[in-house]
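Chain A is the first sequence line, chain B the second, and so forth, proteins listed ahead of strands; every chain is numbered from 1.
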Amino acid sequence: MSVLLTATSVTDEVDRSPSERVDVCVVGSGPAGALAAYSLAERGHDVVVLEAGPRFSFEDRLRRMERFLRPAFDWVDVWEMGGDRDAYASTGELHYPLNTTRVKGVGGTTLHWLGLVPRYHEKDFEMDSRYGLGEDWPISYDDLRPYYAAVEREMGVAGAADNPFEPPRESPFPMDAFPPSYADSLFEAACEALEITMHSIPQARNSEAYDGRSQCVGYGTCDPVCPSGAKYTAEVHVAKAEAEGARVIDRAPVQRLVHDESGERLEAVEYATPDGETHRQEARQVVLACGAIETPRLLLLSESDEYPDGLANSSGAVGRYLMEHPFAGTDALLMEETRQNHVGFMTSECHQFYDHDDSTPGSLKLEFINNAEPAPVEIALRDGSWGDDLVGAIRRGSGNSLRIGALVEQLPREENRVQLDTSRTDDHGNPVPEIVWSVGDHAIETMRYAQRIQRRIFNEMGARITGQTDPHNPGAARHPMGTTRMGADPETSVVDARLRTHDIENLTIASSSVFTTGGAMNPTLTIGALSLLAAEYVDEDL
Amino acid sequence: MELSRRDAIAALAAVGIGTGGVALYRSDAFGDGSIDSETSPDDPIDTMIALAAVVYPSEVSGIDEFVETYVVGRLEDDETHEERTVQALAHLEGYASDEFGDSFVDLSPEDRDAVLRELGVQNAQPNPEGSDVERIRYYLVNELLYALFTSPTGGELVGHENPPGHGGGLDSYRRGPDA
Ligand SMILES: Cc1cc2nc3c(=O)[nH]c(=O)nc-3n(C[C@H](O)[C@H](O)[C@H](O)COP(=O)(O)OP(=O)(O)OC[C@H]3O[C@@H](n4cnc5c(N)ncnc54)[C@H](O)[C@@H]3O)c2cc1C
Ligand code: SF4
């Protein structure tokens, strides 16, 4: 296969016609959709999954890795994002680089995720009660606890019991943690002197062979592509769902959800296929799992006379309260070798500053990065020198870097949102999503606090600080959340504690879009736990 | 640092190419009879080896076998890649003979280096669909550098025995520089 070949350019003979009315239609095959589909298919229900993107063959992974490492290609080229299909507008205070935050394909964004899977803490569900910030979730950590354990087993999580700040857990991790890196050890003395506790990270990555997939072999390119299959992707649960009888149709972007005359139930899901046809899949229950941008967009696109502002949007909250995890980092150089880029993931974190007493600064999670500098091959291919000069260039550009990062909490703000940009349409003539994103004082204050801690660590180590993220202009960790939020009150939220929309009785949402507040932990374990929970409620209703 | 055929086979595996006896094809690298002799001055593999002698650091030895195995494996695997590599080589050769009066392979290392510089390879964007010089950077120079710097031997040149792109296991990340 050529490094130039695209999965979407392949024509195939796949039958994409709808099934006869099924029990459940799941829209989207990322972890949220795949886990829900598997859980429901396993219980004997007839399930169809509609996925906008293609199936990417596993055999191509090494070529995708090459694309990532060669500067001739952009980050979004690895999984073929971009073009009319993925057009969008970003009009907020901060640019939101939407197509770097998602992948469309069977497996969804886990094709290029990093795979860190911490649980949320108790406080994340009680932000209003504890701090008077945002809203409480209508469910608690305890409600999710068994589902967290279940999804850890499903994904295959490597972790250890060395994190004193972790919320209570009932069972050990399915696999042993990845031990800390040599680079981590460089921070140890300074952290100890400052009474900062480093600990392992739960990862959806095989520290040993698990569930028929390989142990991690150290390609070092996990995010955006793991060629060995050691990193979990939702393709695992797509395959399991299929083995249980589910039908998964790729390259089938859903265009609209259609309700019945009563306006209280969905009747069908309309989807397009590569041959230019549009089909209707009828289903008794629909699970929407398109990620936190496309989920609200699809609801807005599905407006009708009964729902002129968008389906399931009687609250007006669809698309609003978009949250992210702003990333605040500090870079430094050390006068000794720091051994970066031997694996593609971090091996130590610190959750000590997560549960806070005062409302602001809020939660933050420190990350000790193992990839603080470009890899030798990246410098080699970009630099423009060769021969012995190139060795000099690589040695100058790498070898001594360190980075500490932090994910921080951002509060839900009504004005941060996904809406439709009617001035531009996608490849099917639908208005593109318009993202409005800004950070807000709470997150800025929290980033400043995180960076003070990072500076203290580097100063204690005698490292030379070379740069810090500007808290007013941080990157996003690519964890969009909150755009169809969960709540008890139909006036202010889109789904209830059963993940069911308040307005439409057979429409469930499985996504970080239901998060009421965003915390500062990577969201996908929580997405998976919610998805399994939602599947149980859907099962009850079938 | 000694490169070997084994390194090349590992480098090919790292771009998804299994290597059922690739090194046998040298005398007909493209399997179409267009290249009939190892001694042909226009043998693309010879040109790639001559290029590698310039773009690879001087510490590296064993280039011939490594480049031959790697390049043949790559070209055999992918027709577009093969076609464009041949076009890029033709452009390089054309410049060498027009401006330096000899085939690239027969130029001194200094003159080969001068060919690359005069063509502007150092400033060209590596672009598989780009101009002649951009393709030289992508299909020839960066192709060779990719093979080298995703291999443990190439990584070791800069103190990195398990560079990204190479699946070298889970030991090296825990090892210190002196281990
Ligand atoms: C670079 C990067 C690194 C990350 N690292 C981590 C990490 O370490 N830990 C963590 O917890 N999270 C991480 N994430 C986030 C994580 O990938 C997401 O939280 C997770 O994939 C979301 O799951 P999902 O199923 O809700 O959505 P997605 O995985 O985005 O899947 C949604 C699917 O729905 C499909 N879809 C969309 N619209 C339609 C439509 N109209 N019709 C049919 N199908 C549709 C899409 O094509 C897509 O396949 C990372 C993300 C990125 C970008
Ligand atoms: S380091 Fe491990 S998980 Fe990451 S890409 Fe390599 S094999 Fe996959």
Please classify the contact between [X] and chain A as side chain, backbone, both or neither, with a heavy-atom cut-off of under 4.5 Å.
X: B/Asn123; answer: neither
X: B/Glu134; answer: neither
X: B/Tyr146; answer: both
X: B/Asp178; answer: neither
X: B/Leu148; answer: neither

As an exercise: rank [options] by heavy-atom pairs under 4.5 Å with chain B and give me the winner.
options: A/Arg395, A/Met65, A/Glu336; answer: A/Arg395
options: A/Val377, A/Asn341, A/Leu381; answer: A/Leu381
options: A/Gly399, A/Gly220, A/Pro376, A/Gly344; answer: A/Pro376
options: A/Val217, A/Ile394, A/Asp383, A/Asn370; answer: A/Val217

Should the heavy atoms of other residues, nucleotides or ligands under 6.0 Å from [atom1] of [X] be counted, would the total exceed 12?
X: B/Arg117; atom1: CZ; result: yes
X: B/Gln122; atom1: CD; result: yes
X: B/Arg175; atom1: CZ; result: yes
X: A/Glu208; atom1: CD; result: yes
X: B/Gln125; atom1: CD; result: no

Do [X] and [Y] have side chains that get closer than 4.5 Å, going by heavy atoms?
X: B/Val15; Y: A/Leu62; answer: no
X: B/Pro177; Y: A/Tyr182; answer: yes
X: A/Arg70; Y: B/Glu143; answer: yes
X: A/Cys216; Y: B/Leu170; answer: yes
X: A/Pro179; Y: B/Tyr173; answer: yes
X: B/His160; Y: A/Arg339; answer: no

At a heavy-atom separation under 4.5 Å, does [X] approach chain B through its side chain, its backbone, both, or neither?
X: A/Pro180; value: backbone
X: A/Arg61; value: neither
X: A/Leu390; value: side chain
X: A/Glu378; value: neither
X: A/Phe68; value: neither
X: A/Asn371; value: neither
X: A/Thr338; value: neither
X: A/Thr221; value: side chain

Among the listed options [options], the residue most often paired with chain A at heavy-atom distances under 4.5 Å:
options: B/Gly16, B/Gly168, B/Ser58; value: B/Ser58
options: B/Pro126, B/Ser172, B/Gly155; value: B/Ser172
options: B/Ala52, B/Ala14, B/Gly159, B/Gly154; value: B/Ala14
options: B/Val158, B/Leu145, B/Asp171; value: B/Val158
options: B/Leu116, B/Leu157, B/Val54, B/Asp113; value: B/Leu116

Review point. Minimum heavy-atom separation for A/Val391 to B/Pro57, with atom names?
Key: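 Heavy-atom minimum between the residues: CG2-CG, 3.3 Å.
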Specify whether B/Tyr138 and A/Phe73 have parallel, tilted or perpendicular ring planes, treating 30° as the upper limit for parallel and 60° as the lower limit for perpendicular.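 Rings of B/Tyr138 and A/Phe73: perpendicular, as their planes differ by over 60°.
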A/Arg63 with B/Asp77: basic N within carboxylate O range, under 4.0 Å
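A salt bridge is present here (some side-chain N lies under 4.0 Å from a carboxylate O).
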Ion pair check, A/Glu66 and B/Arg74, cut-off under 4.0 Å: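 Between B/Arg74 and A/Glu66 there is a salt bridge, with a charged N closer than 4.0 Å to a carboxylate O.
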- Could you go step by step and tell me if A/Trp386 and B/Val121 meet the side-chain contact (heavy atoms from CB on, under 4.5 Å) rule? CA-CA 10 Å; A/Trp386 51 76; B/Val121 173; 4.0 Å; yes
